[in-house]
Amino acid sequence: MTVEVKVTANLQKLVGGARSVLGEGSTVRELLDDLEGRYPGFKDILVTDGQLHRFVNIYLNDEDIRFLDKLDTPVKEGDTLSILPALAGGER
Amino acid sequence: MSVTVYIPTPFRRLAGNQVYVQAEGSNVAEVLADLSSKYPGLRHMIFGEADEVAGHVNIYVNNQEIHSLQGKETPVEDGDEVAVIPAIAGGQVLTEEQVNRYSRHIIMPQVGPLGQRKLMAAKVLIIGAGGLGSPSALYLALAGVGTIGIADFDIVDLSNLQRQVLHHNDDVGRPKTQSAKDTLLSYNPDVNVVIHDGPLTSENATEIISQYDMVINGADNFTTRYLVNDATYFAGKPLVDGSVLLFDGQATVFIPGKGCYRCLFPAPPPPGLVPSCAEAGVLGALTGVVGSIQAIEALKLILKIGESLASRLLLFDALSMEFRVVKLRRDPKCPLCGDDATIHDLIDYEGFCGAPFPGQNGD
C-alpha cells in the first residue's frame, strides 16, 4: 500500500524538509515504521512506548486516528495521512 | 407559527421592556396584529392611518426588509426573527454616520441593520496583540464590534513589524496594548477598546474573560493556550483558536460541549520540541490569513450566520496554497469536557506545560 504522508510545520525537518512523502504499509504503524527506516528518528518523535504522543495528531484523510484504531488503523491505496503537531504560535 | 420579534430601544417600554418577544402568525400582517393585541401601546407606534404600517417604520424578516420580499404578505416560519425598526437617529438606532460607515455590511441581508446592532453590542476579547491578534482585532474594529478587549503584556519590538499590523515604526518600545488601542481607534473611533496589561494567569483569567461574549486566541505559548481553553470552557464562552508556524496555519472554533483544545491536543509538547515563531520563523502574510479567518469566525458567531469551524480544524499550507479541513471531535475521555471530567477549576498551567507564563520573568 502506498500512502501519501503530509507532514506539517516543524516536523518537516524530520523528513529532509519535504512537505509530503510516500510511505508503504497496511496500517499507520507500518507506515511510520517504513518512514523511520528512511528517516531515522522520525517515529521516536511521534511515538513513545508504542503510543502516539499526545501533542501530535495523525489524520487518515479527515479523521483523527485516535477515534479510529489509533496506530493500528488500516490504510489503503490512495489514502492521505496528515501528521500535525500542536503549534504554540500565534504570537503576541 | 411562533416567531421572535426584536423590539428596538424606543419601543421597548411599550413591550414590557423586553428586547425580544414572541408573536404568532403565518405572515407578517398576522404577526403584527398579534403583537398589537399583546402590546396595545405598540399598535400606535407601528401602524399609521388606515392600519397600514407607518411610513417611518421598517419591518424586517430575518434581516431582510419586507418590501424586498412580499410586503405584509411575507410568510414567516417557526423560529424566524421579525424586527420593527423606526427610522430615527440616536440611541441604539444607527446614526447616519454609522449607516454610511457600515453600509457594505448593512446592505447584505445576512447582516442588515439588526446584524450591525449585534456587532455594536458585541464584546470580544483578543489574547495577544501580535501576528494573529493584529488582523483579527483590526477587522473586528472596522466592522464596528462595540467592545474589543486586548490582553497583552509585551512591548513592541522592531522584529514584530514584519507581520503585526497593529503596530507602527514609531510604536517600537511602547506597550502593545497602548499601540493597539491607538491604531484601532484611528481606524474607527466608534469602538471601545479595553486594554488588559500584564500576563493572563490562573488568578485573573476568569475575571477578565467573564467580561466578554467570546475570545480570540492569538497566544504564542502553550501555557497560555491551555489556560485560555480551560477558562473559556468554564465561562461557557466560544473560543476562536488560531496558530501559525513557518508556512503552516491552523484555525478552529471551540464551543463548550463540542470539543476543546484538550480534545484536539491532550497534552503540550515537551518544552523545546515545537519551536516558537521567534525560534523557527513565520511568514508574515500567513498571520494575516489566519488572523482574518479568526475575525470571520467571530463575526459569524456574533451574527449567528453560516457554519462555524466548530468541530472542524482548518489547516492552511501557504507553500502548496492548500486549505484542508479535518474533523475535530469532543473526546469523551477529555479531562476538561469529557464524560468523566477531572478538571473542575483552573490548574497550575506552568507545571502542566513545564514552562512559565511569558512575561513573568521580565522577558
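Proteins come first, then strands; the chains are lettered A, B, ... in the order of their sequence lines, and each starts at number 1.
The nearest pair of heavy atoms linking B/F222 to A/L87 is CZ-C, 3.6 Å. In plain terms, the two heavy atoms of A/N10 and B/L245 that are nearest each other are OD1-CD2, 3.8 Å. Minimum interatomic distance between A/N57 and B/F265 (heavy atoms only, all atoms of both residues): ND2-CE2, 3.5 Å. Of all non-hydrogen atoms in B/P332 and A/F67, the two that sit nearest each other are CD-CE2, 4.2 Å.
With values rounded to the nearest 0.5 angstrom, B/L328 atom CG is found 11.5 Å from A/D62 atom CG. The CG atom of B/L319 sits 12.5 Å away from the OG atom of A/S20 when rounded to the nearest 0.5 Å. Remark: B/F247 CZ to A/Q12 CD distance equals 9.5 Å, nearest 0.5 Å. The NZ atom of A/K6 sits 7.5 Å away from atom CG of B/D317, with the distance rounded to the nearest 0.5 Å.
Remark: side-chain polar atoms of B/Q250 are paired, donor with acceptor, to backbone N or O of A/P85 under 3.5 angstrom. The main-chain N or O of B/L264 is found under 3.5 Å from a side-chain atom of A/R66 such that the two form a donor-acceptor pair. Without hydrogens or angle criteria, B/D248 side chain to A/A9 main chain gives a donor-acceptor distance under 3.5 Å.
Shown here is B/D340, whose CG atom has no more than 12 heavy atoms of other residues, nucleotides or ligands within 6.0 Å. In this structure, A/R54 places its CZ atom where only 12 or fewer heavy-atom neighbours from other residues, nucleotides or ligands lie under 6.0 Å away. Around atom CD of A/E77, more than 12 heavy atoms belonging to other residues, nucleotides or ligands sit under 6.0 Å away. Heavy-atom neighbours of B/Y139 OH from other residues, nucleotides or ligands within 6.0 Å: at or below the threshold of 12. Atom NZ of A/K43 sits in a crowded spot, with more than 12 heavy atoms from other residues, nucleotides or ligands closer than 6.0 Å.
Considering only heavy atoms from C-beta on, A/F55 stays 4.5 Å or farther from B/P266 through its side chain.
In this view, B/I195 and B/T177, B/Q178, B/K181, B/V193, B/D197 satisfy the side chain to side chain contact (heavy atoms under 4.5 Å, CB included) rule, not counting sequence neighbours.
Most heavy-atom pairs under 4.5 Å with chain B: of the set A/D64, A/I45, A/L84, A/N61, this distinction falls to A/L84.
With a threshold of 4.5 angstrom between heavy atoms, B/P268 approaches chain A through N, CA, C or O but not through any side-chain atom. Of the two parts of B/R324, only the side chain, counted from C-beta on, holds a non-hydrogen atom closer than 4.5 Å to a non-hydrogen atom of chain A. Neither the backbone nor the side chain of B/T223 comes within contact range of chain A; no heavy atoms are under 4.5 Å apart. B/D241 does not touch chain A: none of its heavy atoms, backbone or side chain, sits under 4.5 Å away. B/C263 touches chain A through its backbone: at least one of N, CA, C or O sits under 4.5 Å from a heavy atom, while the side chain does not.
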Starting from the C-alpha separation in whole Å, work towards a yes-or-no answer on side-chain contact (heavy atoms from CB on, under 4.5 Å) for B/L313 and A/Y59. CA-CA 11 Å; B/L313 174 66; A/Y59 296 88; 3.6 Å; yes
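Classification of B/R329 and A/E63 as a salt-bridged pair holds, one side-chain N sitting under 4.0 Å from a carboxylate O.
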